[in-house]
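A quick write-up on the structure given underneath.
Throughout, residue positions are numbered sequentially from 1 according to the sequence presented.
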Amino acid sequence: MNAPKLLPWIARKAGISDELALKLWRRAASEAEYLTGKSSGSEYHGLAIERLLTLVEDEACLSPNHPLTSAPQLTWVWRHQTRISLLSLMAAQNTYRFWQSTWENLYPNARAA
């Protein structure tokens with residue numbers, strides 16, 4: 001999988017080099033592939049990005065060039081975005097179930113057909 005286009009931005013925000021960020025991306029991608037058993041798909045991609053952000057945060061804290069202020073923690077943004085997207089999917093699923101239940105209550109004989 002190609003490196004995400006946000007990789008240089010993430011590297012700058014964390015205070016690490018682009019080369020190190022690329023190495024961390026490759027590590028995160030291989031770990032995600034090992035854990036999911038796939039090299040594509042939303043589960044693989046989500047795990048790879050989450051793992052990358054964790055590795056970058058760990059590396060930023062170990063960096064000798066670490067500034068007095070800490071690097072921004074990025075994983076919470078990713079997790080928050082994932083939760084929000086899952087909530088909208090759950091709302092759609094609940095709406096469908098409500099509609100299906102109402103339809104079955106209004107027309108009980110339609111199910112037997």
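For the atom pair Thr102 OG1 and Tyr107 OH, the distance stands at 11.5 Å (nearest 0.5 Å). Lys5 NZ to Leu7 CG: the interatomic distance, rounded to the nearest 0.5 Å, is 11.5 Å. In this structure, CD in Glu57 is found 10.0 Å from CD1 in Ile10, a value given to the nearest 0.5 Å. With values rounded to the nearest 0.5 angstrom, Glu33 atom CD is found 9.0 Å from Ser40 atom OG.
With sequence neighbours excluded, no residue forms a salt bridge (charged side-chain N to carboxylate O under 4.0 Å, His left out) with Lys23.
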Donor-acceptor pairs are to be reported for all side-chain atoms of residues 85-101 against protein atoms at under 3.5 Å, with residues two or more places apart or in another chain.
residue	atom	partner	partner atom	Å
Ser85	OG	Gln81	O	3.4
Ser85	OG	Thr82	O	2.8
Ser88	OG	Ser85	O	2.8
Asn94	ND2	Met90	O	3.4
Thr95	OG1	Ala91	O	2.8

Can you list, pair by pair, the side-chain donor-acceptor contacts under 3.5 Å of residues 46-54, counting residues two or more places apart and other chains?
residue	atom	partner	partner atom	Å
Glu50	OE2	Arg79	NE	3.2
Glu50	OE2	Arg79	NH2	3.4
Arg51	NE	Glu31	OE1	2.4
Thr54	OG1	Glu50	O	3.0

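Linking Ile, Leu, Val, Met, Phe, Trp and Tyr residues whenever their side-chain heavy atoms come within less than 4.5 Å places Leu22 and Leu20 in a single cluster. Both Leu55 and Trp9 are assigned to one and the same hydrophobic cluster, defined by single-linkage of ILVMFWY side chains at heavy-atom distances under 4.5 Å.
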Exercise. Ile16 and Leu24: side-chain contact (heavy atoms from CB on, under 4.5 Å), yes or no, with the steps?
Worked result: CA-CA 11 Å; Ile16 61 174; Leu24 293 176; 4.0 Å; yes
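Taking each heavy atom of Tyr44 and Ser39 in turn, the nearest pair found is CE2-O, 3.5 Å. Annotation for Asn105 and Pro108: closest pair O-CD, 3.8 Å, computed over non-hydrogen atoms.
Of the charged side-chain nitrogens involved, at least one lies within less than 4.0 Å of a carboxylate oxygen, so that Lys38 and Glu43 count as a salt-bridged pair.
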